[in-house]
Amino acid sequence: MDVTRPSCALLVLLVLYILNLATCMNAKINFREKEKQILDQILGPGRYDARIRPSGINGTGEAPTLVRVNLYLRSISKIDDYKMEYSVQLTFREQWLDERLKFNNLGGRLKYLTLTEANRVWMPDLFFSNEKEGHFHNIIMPNVYIRIFPNGNVLYSIRISLTLSCPMNLKLYPLDKQTCSLRMASYGWTTDDLVFLWKEGDPVQVVKNLHLPRFTLEKFLTDYCNSKTNTGEYSCLKVDLLFKREFSYYLIQIYIPCCMLVIVSWVSFWLDQGAVPARVSLGVTTLLTMATQSSGINASLPPVSYTKAIDVWTGVCLTFVFGALLEFALVNYASRSDMHRENMKKTRREMEAAASMDAASDLLDTDSNTTFAMMRQCEIHMTPPRKNCCRLWMSKFPTRSKRIDVISRITFPLVFALFNLAYWSTYLFRDEDEEK
């Protein structure tokens with residue numbers, strides 16, 4: 001009996017230990033109840049005041065609260081040249097330390113607590129200084145969360161859509177590059193109380209295969225832009241997005257059609273001088289089409305005080321088309337002048353023929369030697385002068401109106417080719433410093 005009693009006691013203790021272990025394991029599974037208890041403990045009435053900012057470094061109240069910011073750029077829907085603005089959708093994140101929110105992580109089993117109500121904890125008073133419009137996303141639920149970590153770190157994340165101002169320099173349009181900024185600053189807390197910092201290591205991320213209409217995102221740069229006013233200095237962050245305009249769209253829609261209109265206006269140089277209706281209608285039609293094209297281009301751009309690259313192109317093309325119309329006016333005038341001069345020559349030849357008849361009868365009565373000498377001198381003076389190649393070639397076209405057409409066939413394309421050479425070498429092969 002004495003031997004069996006200790007054995008029974010050990011067996012009872014073992015059973016109790018197993019039951020206690022099972023009870024503890026069942027209690028550990030219910031983490032939601034633990035989260036509720038922790039939230040009530042750190043955010044309960046009288047325990048946490050969201051109006052008071054967290055302490056600074058090492059818990060000192062004099063030091064400013066450090067807030068680290070990072071962005072995830074989801075999409076850029078449009079870049080408006082006329083309004084000088086762009087629309088972007090991004091995930092905005094802030095992270096800071098609030099030692100009042102420390103809690104027990106239950107041996108590493110509770111990684112963080114999640115909140116969906118931003119007003120329960122202190123929040124930095126950040127705003128987007130160059131914002132025009134903006135809204136949050138609430139479908140299906142508000143796209144926002146707050147994570148509280150055991151050491152007191154707070155992570156705030158929200159998805160927002162913004163329309164931001166982007167002042168543009170359109171001098172090189174449409175061969176330009178534009179830099180659009182996203183600026184974030186503190187509204188009420190000065191740098192003595194609140195400082196924004198970029199998160200270390202890739203603070204700005206961009207979605208893969210970002211598609212932009214008529215633009216390409218070349219690169220982005222992060223920087224600081226603290227501002228000083230008469231109420232103090234305020235912390236500010238900015239990210240500069242460098243966009244390059246896609247030229248292929250403008251080449252197809254603007255440059256090639258303008259070239260075609262200029263070339264079509266040259267067709268009148270090859271038409272007959274007497275085809276007045278055809279040449280006038282061709283010149284007027286190309287001129288009106290070119291003017292309509294130019295006004296349509298400027299309608300999509302803001303009225304600016306400087307000359308844009310597209311203005312130079314359309315202006316010169318319009319000048320060439322107008323010059324072709326003026327060339328026909330000159331040809332028409334020269335043609336009528338040629339006809340008048342031809343009539344005058346015909347009348348003069350008739351008068352000279354009648355006078356030569358009278359002179360011939362008088363010469364029969366004079367000495368033959370004197371007559372021979374006079375005829376020899378006339379032959380010497382009437383010897384035609386030598387002609388160079390240009391004059392020889394131009395002599396193939398007896399009328400001035402025809403010469404004007406022939407010269408225009410060569411001059412207009414040559415001058416337009418020289419203009420293209422100067423234009424593209426100026427705007428395509430330019431330095432980066434000249435763009436700023």
Side-chain angles (χ1 to χ4, degrees), residues 67 69-94 118 123-145 156-174 176-188 196 198-199 203-227 229 234-246 249-250 297-305 308 310 435-436:
V67 178
V69 176
N70 69 95
L71 305 173
Y72 179 68
L73 192 62
R74 293 182 172 272
S75 66
I76 299 176
S77 58
K78 69 171 182 176
I79 301 176
D80 195 327
D81 298 316
Y82 190 84
K83 296 182 179 179
M84 292 193 178
E85 64 184 21
Y86 71 105
S87 299
V88 62
Q89 183 185 129
L90 52 89
T91 298
F92 174 75
R93 304 186 188 98
E94 295 176 305
M123 293 290 299
D125 61 341
L126 181 140
F127 77 105
F128 297 92
S129 57
N130 60 332
E131 174 217 351
K132 287 187 174 181
E133 295 178 358
H135 66 271
F136 302 124
H137 294 265
N138 297 316
I139 300 175
I140 298 177
M141 293 294 292
N143 297 172
V144 58
Y145 68 80
Y156 173 71
S157 177
I158 187 171
R159 186 165 73 101
I160 52 179
S161 291
L162 299 169
T163 299
L164 305 160
S165 65
C166 178
M168 299 181 183
N169 187 346
L170 299 174
K171 287 184 179 180
L172 302 178
Y173 176 92
D176 57 333
K177 295 180 181 181
Q178 300 296 337
T179 301
C180 296
S181 298
L182 175 63
R183 294 173 176 266
M184 301 157 285
S186 173
Y187 189 80
F196 290 112
W198 284 113
K199 182 181 178 181
V204 178
Q205 298 174 319
V206 180
V207 66
K208 294 182 179 179
N209 301 322
L210 179 64
H211 178 70
L212 297 175
R214 297 185 295 171
F215 282 93
T216 300
L217 179 61
E218 284 197 332
K219 60 182 179 180
F220 53 88
L221 302 172
T222 57
D223 201 357
Y224 296 89
C225 54
N226 291 6
S227 60
T229 66
Y234 298 89
S235 183
C236 176
L237 302 177
K238 75 170 182 176
V239 53
D240 292 330
L241 306 173
L242 181 60
F243 296 104
K244 181 181 180 181
R245 198 181 299 272
E246 288 290 346
Y249 169 82
Y250 301 93
I297 294 170
N298 290 324
S300 61
L301 295 173
V304 293
S305 59
K308 303 180 289 293
I310 194 67
E435 299 178 8
K436 298 179 181 178

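Residues take their numbers from the sequence shown, with the count starting at 1.
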Using 0.5 Å steps for rounding, measure from the [atom1] atom of [X] to the [atom2] atom of [Y].
X	Y	atom1	atom2	answer
I76	L212	CD1	CG	5.0 Å
L241	L217	CG	CG	6.0 Å
D176	L170	CG	CG	6.0 Å
Y156	R93	OH	CZ	13.0 Å
M184	F196	CE	CZ	9.0 Å
R159	Y72	CZ	OH	11.5 Å

Closest non-hydrogen atom pair, [X] against [Y]:
X	Y	answer
R74	L210	O-CD1, 4.2 Å
I139	N143	O-ND2, 3.7 Å
S161	Q89	OG-CG, 3.6 Å
Y86	S165	CE2-O, 4.2 Å
W198	D223	NE1-O, 3.0 Å
E246	F215	CG-N, 3.9 Å

Side chains of [X] and [Y]: closer than 4.5 Å at any heavy-atom pair?
X	Y	value
K177	L172	no
S157	T91	yes
I79	M168	yes
L164	V88	yes
R245	D81	yes
L182	L73	no
P174	I310	yes

side-chain contact (heavy atoms from CB on, under 4.5 Å) evaluation trace for F92 with L71
CA-CA 5 Å; F92 174 75; L71 305 173; 3.3 Å; yes
Only one of C166, C180, P302 forms a side-chain contact (heavy atoms from CB on, under 4.5 Å) with M84, so which one is it?
P302
Between D80 and K132 (salt bridge meaning N to carboxylate O under 4.0 Å), is one present in this structure?
no
Neighbour count above 12 (heavy atom, 6.0 Å) for F136 CZ:
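Incorrect, the count does not exceed 12.
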Y187 OH: over 12 foreign heavy atoms closer than 6.0 Å:
no
Mind running side-chain contact (heavy atoms from CB on, under 4.5 Å) on K308 and N298 for me, showing each step along the way?
CA-CA 10 Å; K308 303 180 289 293; N298 290 324; 4.2 Å; yes
